[in-house]
Amino acid sequence: MLNSLVVFIASFLIGGLGIHIGAVVIADVSDYTYAFFTALIGAIVWSVVGFLFGWIPLLGPAIVLLAYLAVIKRRYPGGWIDAAGITLVAWIAVLVVLYALAAADITTFDAAGVPGT
């Protein structure tokens, strides 16, 4: 149980780091705590919307991604393009961090708070 909690917290820290890097690069906003809570909210929205609509072929995943982008758009300045940019940079940053940690046998290759990782 404790091990699962540690992995859960660590994955959100990594997800928050990815969003933080994306927000710094795209929106020039530097607040890791804000990014961490954005990752938490994004993961909750992703899960709920995925549960409700994710089963719909082709349209379901698009709705889930749109809901996640709406969270980023709502929490950071800019429009949909900026939200997509923050998400893309976050995804790339998380992949780099997770690859390094997985290569060092520290963790597995996944993180909560950033979709697709």
Side-chain angles (χ1 to χ4, degrees):
M1 178 73 168
L2 181 61
N3 189 32
S4 295
L5 182 62
V6 169
V7 169
F8 178 77
I9 290 171
S11 69
F12 267 112
L13 292 175
I14 294 168
L17 176 64
I19 291 175
H20 174 71
I21 292 169
V24 168
V25 170
I26 302 297
D28 198 29
V29 175
S30 181
D31 185 345
Y32 181 74
T33 303
Y34 194 77
F36 174 80
F37 283 108
T38 301
L40 180 63
I41 294 165
I44 291 167
V45 167
W46 181 275
S47 298
V48 170
V49 174
F51 176 77
L52 295 174
F53 301 104
W55 59 271
I56 302 170
L58 298 175
L59 186 59
I63 292 170
V64 175
L65 179 60
L66 188 62
Y68 182 82
L69 288 174
V71 170
I72 301 294
K73 181 184 175 296
R74 176 74 175 108
R75 305 250 320 148
Y76 287 99
W80 290 101
I81 301 293
D82 291 330
I86 291 170
T87 301
L88 180 62
V89 172
W91 184 73
I92 292 168
V94 167
L95 286 179
V96 169
V97 170
L98 290 176
Y99 178 79
L101 291 174
D105 284 333
I106 295 173
T107 187
T108 59
F109 199 71
D110 58 344
V114 175
T117 59

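As the structure is a computational prediction, the values presented were derived from the model and not from experiment.
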Minimum side-chain heavy-atom gap W46-L65 below 4.5 Å: yes
Hydrophobic cluster identity match, L69 and I81, side-chain contacts under 4.5 Å: no
Partners passing side-chain contact (heavy atoms from CB on, under 4.5 Å) against L59 (at least two apart in sequence or in another chain): I56, I63
Show the atom names and distances, to 0.1 Å, of all donor-acceptor pairs under 3.5 Å that link a side chain in residues 19-30 to residues at least two apart or in another chain.
none

Nearest atoms (heavy-atom pairs only) where A35 meets G16: CB-O, 3.4 Å
Under the side-chain contact (heavy atoms from CB on, under 4.5 Å) test, residues paired with A67 that sit two or more places apart: V45, V49
Min side-chain heavy-atom separation T33-F37 under 4.5 Å: yes
Listed once per pair and sorted, the side-chain hydrogen bond (donor to acceptor under 3.5 Å, both in side chains) pairs that draw on residues 73-85, sequence neighbours left out: T38-R75
Euclidean distance, Y68 OH relative to I41 CD1, rounded to 0.5 Å: 10.5 Å
Gap between atom OG1 of T87 and atom CD1 of I72 - 0.5 Å precision: 4.5 Å
Minimum-distance pair of heavy atoms, taken over all atoms of P61 and G54: CD-O, 4.2 Å
